[in-house]
Each structure stands twice: as structure tokens, then as C-alpha cells.
Amino acid sequence: MAAKRLSLREKYQKFTRDLAWEPSYQDKANIFPQTEFEGIHIHDWDKWEDPFRLTVDAYWKYQAEKERKLYAIIDAFSQNNGQFNVSDARYVNALKLFLQGVSPLEYAAHRGFAMAGRQFSGVGPQVACQMQSIDELRHVQTQIHTISQYNKFFNGFHDWNHMHQRVWYLSVPKSFFEDAMSAGPFEFVTAISFSFEYVLTNLLFMPFMSGAAYNGDMATVTFGFSAQSDESRHMTLGLEVIKFMLEQDERNVPIVQKWIDKWFWRGYRLLTLVSMMMDYMLPKRVMSWKEAWEMYFEENGGALFEDLSRYGIRMPKYWDVSVKEKERLSHEAWSIFYNYDHAAAFHSWLPEESEMEWLSAKYPDTFDKYYRPRYEYWRSLQEKGERWYNSTLPMLCQLCQIPMAFTEPDDPTQICYRSSEYNGDKYHFCSDGCKDIFDDEPEKYVQSWLPVHQIYQGNCGGASVPEVLEWYHLVDGQDNKEFLDSQDRANWNRWKGESDSDTDQPVKAAVND
Amino acid sequence: MTIEIKTQSVEPLRHTFSNVARRQGADKSASRYLEAMFDLQPTVNFHYKPQWDPDHDLYDTGRTAIVMEDWYAFRDPRQFYYGAWTTTRAKQQDVAERNYAFVEKRALLDLVPEETRKVAEAAFVPLRHAEYAANLNNMYICAYGYGTAITQAASFNAVDRLGIAQYLSRIGLMLDGNTSESLDAAKQAWLENEAWQPLRQLCEELMATKDWFELYVAQNFALDGLLYPLVYERIDGELQRHAGSTISMLNEFMSEWYGETSRWVDATLKTAAGESDANKVQLEQWARQYIDRAAQALTPVAAQVFGTDAQSVIAELREDLTNRAGKKAGLEL
């Protein structure tokens with residue numbers, strides 16, 4: 001007798017959501033205590049659509065296949081000293097920023113999705129979040145294993161997680177993710193799955209992975225390709241989460257809109273670090289920040305929000321400011337790091353003439369007018385042996401924690417200052433976007449661990465730069481400061497057999513168009 | 001004849017990351033397990049108290065009564081990081097797949113007497129709900145536990161349990177000819193049949209347990225420590241008398257998994273108990289308490305197969321577990 005076969009959909013349903021039951025010995029609220037406090041109303045968890053229907057045995061099979069291929073390449077990469085095939089030793093600094101700033105976020109995502117995967121009371125989102133949780137663990141671990149080889153030959157990588165928890169610029173990504181994790185499960189998935197993974201992830205992933213491809217870093221490219229199929233699952237989860245909340249109850253709409261506004265701005269400010277990486281740190285450039293923002297946010301994002309308008313969702317607040325800032329963001333950011341590179345665990349440098357030309361061409365309205373003169377002045381100081389480092393600690397935005405160096409939306413020559421009073425204290429912000437987020441939840445954001453305040457309060461090893469660097473585990477003269485004077489550059493020239501005279505000159509960089 | 005391949009050799013500046021070197025006491029090459037496990041979780045300078053638990057930090061040692069000087073003293077004897085775990089499971093999955101295909105192709109289940117199939121169905125299939133509880137419980141340990149050494153292994157365990165729940169569902173579908181009648185009946189039994197109520201009650205209680213290490217002892221040591229030997233050794237052994245090895249082939253993943261996972265569970269308990277007398281006393285108290293509860297909950301489950309012998313079967317399994325605690329986990333129960 002031929003058995004009546006369950007359809008794939010029915011089978012998956014039996015293999016996941018049918019496993020749960022309505023508890024009767026415990027109050028359901030004791031098992032899932034976090035589903036209500038954010039004000040999101042869910043009436044029917046069964047309306048959740050599982051876009052992938054991946055059972056665990058299939059997951060193991062696919063993932064193991066990918067892992068075997070990836071590790072074969074990582075092994076070959078280290079055996080063949082693949083790190084010497086990158087375009088230029090400057091490129092490696094983009095990887096330092098990645099390991100210090102991005103890999104710890106993959107770990108945070110692993111734990112954050114474990115929380116969401118435990119807290120949602122529907123099996124559909126539980127399983128999706130749990131699989132994402134272990135995918136994220138995969139990402140941080142494969143990144144460590146890939147970059148392990150670079151750590152053996154370059155400075156700045158060696159204590160990435162210690163630094164992530166202490167060094168000033170790394171409080172930007174750390175506070176971003178902790179903001180999401182310290183909120184409830186619905187805000188967390190809106191922040192990470194939707195606003196970050198779905199709307200903005202292309203702007204993180206594409207620049208680093210294509211940057212790796214353009215600059216001869218085969219190990220990182222391979223990791224990127226290998227992670228791509230995980231990412232597409234994660235992006236689908238992001239969109240499903242939003243639609244699910246919006247379709248369940250119209251009272252959810254204003255809450256979701258508020259979160260989208262907040263997390264768009266949070267994510268956009270975080271991408272400041274990526275913008276300077278794209279425009280300044282890749283010896284062979286993929287595209288400019290401005291072009292990437294136009295393609296991935298203005299065009300793709302615009303279409304997405306057009307789609308969501310039927311639910312009553314509009315474009316995130318202050319998206320227009322991000323468009324006004326696109327011609328200056330990366331330049332303002334790189335200048336911050338040029339100023340404070342003595343306290344950063346990667347090297348900075350001034351663009352060479354060929355690179356200045358590329359920047360002029362990509363930013364015709366701003367580069368020659370505002371930034372080239374600044375770099376030329378700094379170059380003249382450098383030629384006199386007076387490389388400029390700023391010894392005064394900067395004021396940080398209470399919210400995004402980036403030094404307050406961004407300019408007014410309509411005036412690129414005027415620093416933008418905003419402030420709010422709360423319980424008799426004054427708090428400072430880089431933008432209206434950051435100020436609004438603070439004003440909505442001041443009791444949360446007064447808690448920010450601001451690196452500059454902490455240094456002044458004596459919580460970071462001491463009051464002098466050497467004491468703070470020691471507390472950071474940042475080796476002065478190795479991990480920090482100007483690329484031209486760096487050990488990395490001297491080693492690179494020695495390994496590559498460049499002559500002494502080459503060592504005295506800036507390494508020539510090819511510029512892609 | 002061997003050919004010597006000339007390669008460029010360049011001295012590295014360092015052999016591993018600084019945090020790993022500090023823990024190893026020297027800058028020497030470290031395994032992939034260690035490099036991708038040590039210190040991954042942030043420990044200081046948290047920005048915001050969680051809205052869902054304002055009395056603790058995001059990651060906080062205060063979410064359990066167990067106290068450790070160093071939460072990275074825990075080592076997984078299997079040295080599982082994501083890649084090692086997933087490739088190990090993929091191999092086992094491959095074997096399971098072949099076993100299922102073999103049983104289906106030869107229609108081996110048709111050779112098992114109807115009565116035995118009924119017993120197997122009644123004993124195995126409702127457990128998929130208990131595995132789902134174990135999935136959530138281990139995800140809880142991953143979410144709120146402290147230190148990547150334990151939390152990453154708990155996340156693997158959580159996904160393993162979902163996988164086992166799905167294998168049990170598949171076995172149900174094989175037994176009922178893909179109609180899902182066995183799954184529906186098993187859910188009914190799980191919700192209403194008296195034999196399953198004490199176990200369901202215990203599962204629901206564990207899903208509401210707050211101390212993550214207590215949950216670890218209760219779920220991974222006490223409950224699993226009785227349930228797995230009961231179901232996959234004793235009940236399976238009983239069924240073999242009529243079913244040959246057919247049912248065992250379908251369960252092979254679970255029995256192999258349990259043997260492997262017990263090594264991790266024992267090592268974890270031994271490390272925590274070895275840390276201090278206070279830990280040891282606490283762990284022993286939890287272990288006794290939950291072995292009692294689990295034994296009580298599993299007795300009616302055992303009775304479905306062993307009838308009046310169930311009490312003595314459970315008593316033997318308790319004794320085995322007590323011995324295991326003393327020999328492997330450093331606990332005197």
C-alpha cells in the first residue's frame with residue numbers, strides 16, 4: 001500500500017511548530033516572559049511564514065560542505081603565505097578594523113539571536129533565530145581562523161577582543177549592538193535582522209568582501225562567498241519579522257516605525273567606519289562611499305520602503321540627512337583617525353596624488369574644496385617631520401559615540417552640535433538623529449560608557465596617553481600611528497624584496513576606476 | 001623517492017593572538033578550537049542595563065549560584081567549534097540517512113510485529129516534545145550563560161536536540177506510513193496520557209527555571225542521564241527481542257550522540273565542582289533533587305514497556321548515574 005506522503009510544507013510544519021505545546025503546568029508567561037513588555041501585539045504565531053524550511057539534518061549537511069571547502073582554502077592560504085599576495089600592506093588595515101570592529105559583532109549576534117530564539121513564543125521564529133545564532137558563531141569563528149594568519153605577520157590584530165571592549169572608536173560598534181541586545185526581542189530583530197541585515201548589510205559586506213577580492217585577499221573573499229548563503233537566509237528573516245509584526249496588529253505599526261527610524265540612524269552612523277574604509281583604506285578601490293550609498297540605500301532601500309508603504313511604513317526619518325552627508329562622511333571620518341591615530345590600533349596615511357585625483361573625481365563638489373587643502377597642509381607638516389597628532393581628547397556624541405566632527409546638514413564648514421538636558425545634566429549629540437534617539441529613552445542612554453569620559457574619570461589605566469595605550473594593550477610604535485613610519489610597512493618591503501630607496505618612499509598604489 | 005618542495009619561509013612575528021598566548025603562558029601555536037573560543041564574550045564596560053533584566057549586566061556572572069574564578073576553565077573534550085561540530089554531525093547525519101534508506105528500501109519495519117511497532121511508537125514518538133524542551137533549555141544556557149567555553153557548546157547541544165526531535169518525528173512517520181497519525185497520537189499522549197504527565201510537568205518546570213547552571217544540571221545531567229539510557233538502551237534492548245536491530249538502526253544517532261555528549265557534560269560538572277566546595281555542594285544538591293524528579297517522571301514512561309519492573313529498571317539506572325557522577329563528574333551523590 002502506497003503511503004500518503006505529507007507535502008514538504010506539512011512535513012516541515014510537523015518537524016518544527018508541531019513540537020511545541022500549550023503549557024498547563026506553568027503559566028506561559030513564566031516560560032516566555034519577554035513577549036509583551038515592548039507593546040507588540042501578536043495574535044497568531046502560526047501566521048509566521050518559514051521561508052526556508054531547513055531541517056537540522058539538511059542544515060548540517062549544507063553547512064559542513066561549506067566548512068570543508070572554506071577550511072581547505074584557509075589551509076592553502078597559510079601554507080602558501082597568501083598574506084603576501086595582497087595589493088599593498090595598507091590593505092591589511094581594513095582587515096584590522098574588521099577583526100576589531102565587526103567580528104565581535106558577529107559574536108554579539110550569536111548571543112543576541114540565542115536570546116531571541118529562546119524568548120519568542122512561536123516555534124517558527126524560534127527556529128529561524130536559533131539557526132541564525134549558530135550561523136553568526138560560524139562567522140566570527142571562521143573570521144578568526146582566516147585572519148589568524150595575518151595576525152602572525154602584521155601588527156594591530158593581536159588583542160582584538162580586549163581592544164573591542166576598551167579602545168575609543170570600538171565603543172561605536174560595541175554600543176550599537178549592546179543597545180539592540182539590551183532591548184526586547186522584537187526591537188532586537190527589528191534592529192539587527194531588518195534595519196541592519198536587510199537594509200544596510202550590503203554596505204558592510206560588499207565593501208569588505210569586494211575590497212578583499214580587488215586587493216588579492218583570497219582568504220577573506222572565500223569567507224565572504226561562504227557566508228553569503230547564510231546572509232541571504234538572515235535577510236529573509238529580517239523582512240519576515242517586519243511583515244509579521246505589521247500584519248498582526250495595526251497598533252504595532254507606530255512602534256515598528258519608531259524602531260526603523262532609530263535603527264536606520266544607528267546603523268548609518270556605524271557605517272561611517274565603512275565609508276572611510278572604502279574611500280581611504282583600500283589601495284585598490286571598489287567604488288566610492290557615495291556610489292555605494294546611492295546604489296544600496298537610495299535605490300534599493302527606496303524601493304523597499306515603497307513596498308512597505310502599504311503597511312503604513314515610510315522612509316526612515318533623517319534619510320535625507322544621510323544623502324546630504326554622502327559627499328563628506330568618509331572624509332570627515334578619515335580626518336578623525338588621522339588626528340587620533342596614535343591611539344588607534346591600525347595605521348592611517350594621507351592619500352597619494354593618484355588617490356587624491358580619484359577622490360576629486362568621485363566627489364567633485366566637495367573634495368577639492370574642503371578636504372584636499374586639509375590633506376595638503378598635513379602633508380606639508382609631515383614633510384617637515386611634524387606629522388600632526390591631536391593630543392586633546394575629542395568630545396563624543398552621547399549616542400553614537402563618534403567624535404563630534406560631523407558638519408551641519410546644509411553647511412559642510414560648520415560642526416554640528418546638538419544637546420539635551422536630562423536630570424540637570426547636559427548631553428551632547430552629533431546630529432538630530434542621535435538627539436531624537438536619546439530624547440526618546442534618556443534613562444537608557446545616560447548609561448553610555450563613553451571612552452573619553454572614562455579616561456578623564458581615571459578608569460582607563462591613567463591620565464597620560466602611554467598609560468591609556470597600555471590599558472588598551474596597544475603597543476606604541478607597532479599597532480598605531482602613521483603607516484609610512486610603521487613596522488608593517490618596513491616588514492612588507494623586506495618580505496617583498498623592495499629596495500631601501502623604495503622603503504623611503506610611499507608605496508605606490510594603483511587606483512581602480 | 002621523495003621530492004623536496006622548496007617553499008619560501010618567512011618567520012612570523014607571533015604565533016597566536018595575545019589573549020590566547022596569555023592563557024597558554026607562551027606565544028605558541030594554538031588549536032583552532034582555542035583561538036576561536038577563548039575570550040569571545042565581552043566581560044567589561046557594558047553600556048546599558050538590559051531592559052529585560054535591569055539588575056544584571058548584559059553578560060553577568062550573577063545569573064547562576066555557581067562561582068568560577070575563570071569561566072574559561074571549562075573545556076569541551078570534543079574541542080567543538082562551529083566547523084568541527086557541524087562536520088561531525090554531517091557525518092553522523094549521513095549514517096542516519098543511510099540507515100533510514102536501508103530500513104525503507106527493504107521494508108524492514110513490515111517485518112516487525114504490529115505489537116512491537118505499537119510499543120515503539122508509544123515509547124519514542126512523544127519524546128520529540130521533550131527534545132523540544134531540551135532545545136529551548138540549552139538555547140537558554142547559551143543566551144544567559146557566561147563564557148564562550150560553555151555557551152557555544154550549549155548552542156550546539158540546542159540544535160542537536162532540535163535535530164533529535166526531528167529524527168523522532170521521522171521515525172514516527174516511518175512507523176505510520178507517512179500519515180502523521182503517530183505524531184498526532186503522540187502529541188495527544190504528551191498532553192493527556194497519564195504516563196507522560198509527570199515528564200511534561202518536569203519539562204515545563206525546567207523551561208521556567210532561571211538559574212542557567214541549575215538548568216544545565218537538571219536537563220543535561222539528571223534528566224538526560226536517566227532518559228537516554230532508559231529509552232535508547234533499555235527500551236531499545238527490549239524491542240530488539242522482537243524487532244531485531246531495525247529500531248536500533250533508526251536510533252543509532254541518538255545513542256551515539258548521548259555517549260559523546262556525556263563526556264562534555266561530565267567534564268563541565270567536574271570542572272565546576274573542582275573549583276570550590278561551595279560549587280560542589282550546590283551541584284550535588286541540584287543533582288540529587290533533579291535525579292529524584294526525573295526518576296519519578298520517567299517511571300510511568302518505563303512502565304509502558306516494563307510494567308511492574310519499571311521501578312527496578314529506574315533504580316538500576318539511578319545507581320548507574322550516581323556511579324557516573326562519582327567517577328566522571330566529581331560529585332558524591
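Below, chain A is the first sequence line, B the second, and so on; all start at residue 1.
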| request: Go through the steps for A/H145 and B/Y81 under the test ring-ring contact (aromatic ring centres under 6.0 Å, His included), then give the verdict. | output: CA-CA 11 Å; A/H145 291 149; B/Y81 55 96; 5.0 Å; yes

| task | Begin with the C-alpha distance, continue with both residues' side-chain angles, and end with the deciding distance and a verdict on side chain to side chain donor-acceptor pair (under 3.5 Å) for A/H110 and B/Q152. | result | CA-CA 9 Å; A/H110 159 60; B/Q152 71 165 354; over 6 Å; no

| said: Between B/Q51 and A/E187, does the side chain to side chain donor-acceptor pair (under 3.5 Å) criterion hold? Intermediate values first, please. | reply: CA-CA 11 Å; B/Q51 280 163 287; A/E187 185 178 342; 5.6 Å; no

| message | Please determine whether salt bridge (Lys or Arg N to Asp or Glu O under 4.0 Å) holds for the pair B/R128 and A/D18, giving the CA-CA distance in whole Å, both sets of side-chain angles, and the decisive distance to 0.1 Å. | response | CA-CA 10 Å; B/R128 67 199 201 101; A/D18 192 48; 2.4 Å; yes

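Here the rule is side-chain contact (heavy atoms from CB on, under 4.5 Å) with A/Y25, and of B/M207, B/R200, B/E205 only B/R200 fits it.
Heavy atoms of A/T142 lying under 4.5 Å from chain B are absent altogether. Contacts of B/N19 with chain A are made by both backbone and side-chain atoms, with heavy-atom separations under 4.5 Å. Only the side chain of A/E67 comes within less than 4.5 Å of a heavy atom in chain B; its backbone stays farther off. With a threshold of 4.5 angstrom between heavy atoms, A/S171 approaches chain B through its backbone and through its side chain. In this structure, chain B has heavy atoms under 4.5 Å from both the backbone and the side chain of A/D179. Of the atoms belonging to A/F153, heavy atoms from both backbone and side chain fall under 4.5 Å from chain B.
Atoms NZ and CD, on B/K49 and A/E178 in that order, are 11.0 Å from each other to the nearest 0.5 Å. If you take CG on B/D53 and CD on A/Q34, they are separated by 8.5 Å, rounding to the nearest 0.5 Å.
In this structure, a donor-acceptor pair under 3.5 Å is present between the side chains of B/Y132 and A/Q126. For the 3.5 Å distance criterion, the side chains of B/Q166 and A/T55 fail to qualify, holding no donor opposite an acceptor. In summary, the side chains of B/E204 and A/W21 do present a donor paired with an acceptor at a separation below 3.5 Å, with no hydrogens or angles considered. Between the side chains of B/R14 and A/N155, at least one donor N or O sits under 3.5 Å from an acceptor N or O. Inspection of the B/N45 and A/Q454 side chains reveals no N or O donor paired with an N or O acceptor under 3.5 Å.
The side-chain heavy atoms of B/F156 and A/L137, taken from C-beta on, include a pair separated by under 4.5 Å. Using a 4.5 Å cut-off on side-chain heavy atoms (C-beta onward), A/N161 and B/F38 make no contact. Between B/Y144 and A/M115, the closest side-chain pair of non-hydrogen atoms falls below 4.5 Å. The closest side-chain heavy-atom distance from A/H158 to B/D27 is not below 4.5 Å. B/N135 places none of its side-chain heavy atoms less than 4.5 Å from the side chain of A/L19. In this structure, the side chains of A/R138 and B/T86 stay at 4.5 Å or more apart for every pair of heavy atoms. The shortest side-chain heavy-atom distance between B/W52 and A/P33 does not fall under the 4.5 Å cut-off. Residues A/K14 and B/S169 fail the side-chain proximity criterion, which asks for heavy atoms closer than 4.5 Å.
Top candidate by heavy-atom pairs under 4.5 Å with chain B, chosen from A/N30, A/V446, A/N459, A/I31, is A/I31.
At least one donor-acceptor pair under 3.5 Å links the side chain of A/N151 to the backbone N or O of B/T16.
Minimum interatomic distance between B/A143 and A/A114 (heavy atoms only, all atoms of both residues): CB-C, 3.8 Å. Across all their heavy atoms, A/D57 and B/Y167 have their closest contact at CB-OH, 3.8 Å. Heavy-atom minimum distance, B/F17 versus A/F157: CD2-O, 3.6 Å.
Comment: A/K61 does not engage B/D94 in a salt bridge, judged by the lack of any side-chain N to carboxylate O separation of less than 4.0 angstrom.
By the 6.0 Å contact criterion, NZ on A/K69 is open, its count of non-hydrogen atoms from other residues, nucleotides or ligands being 12 or less. Enclosure of atom NE2 in A/H453 is not indicated, since only 12 or fewer non-hydrogen atoms of other residues, nucleotides or ligands lie within 6.0 angstrom.
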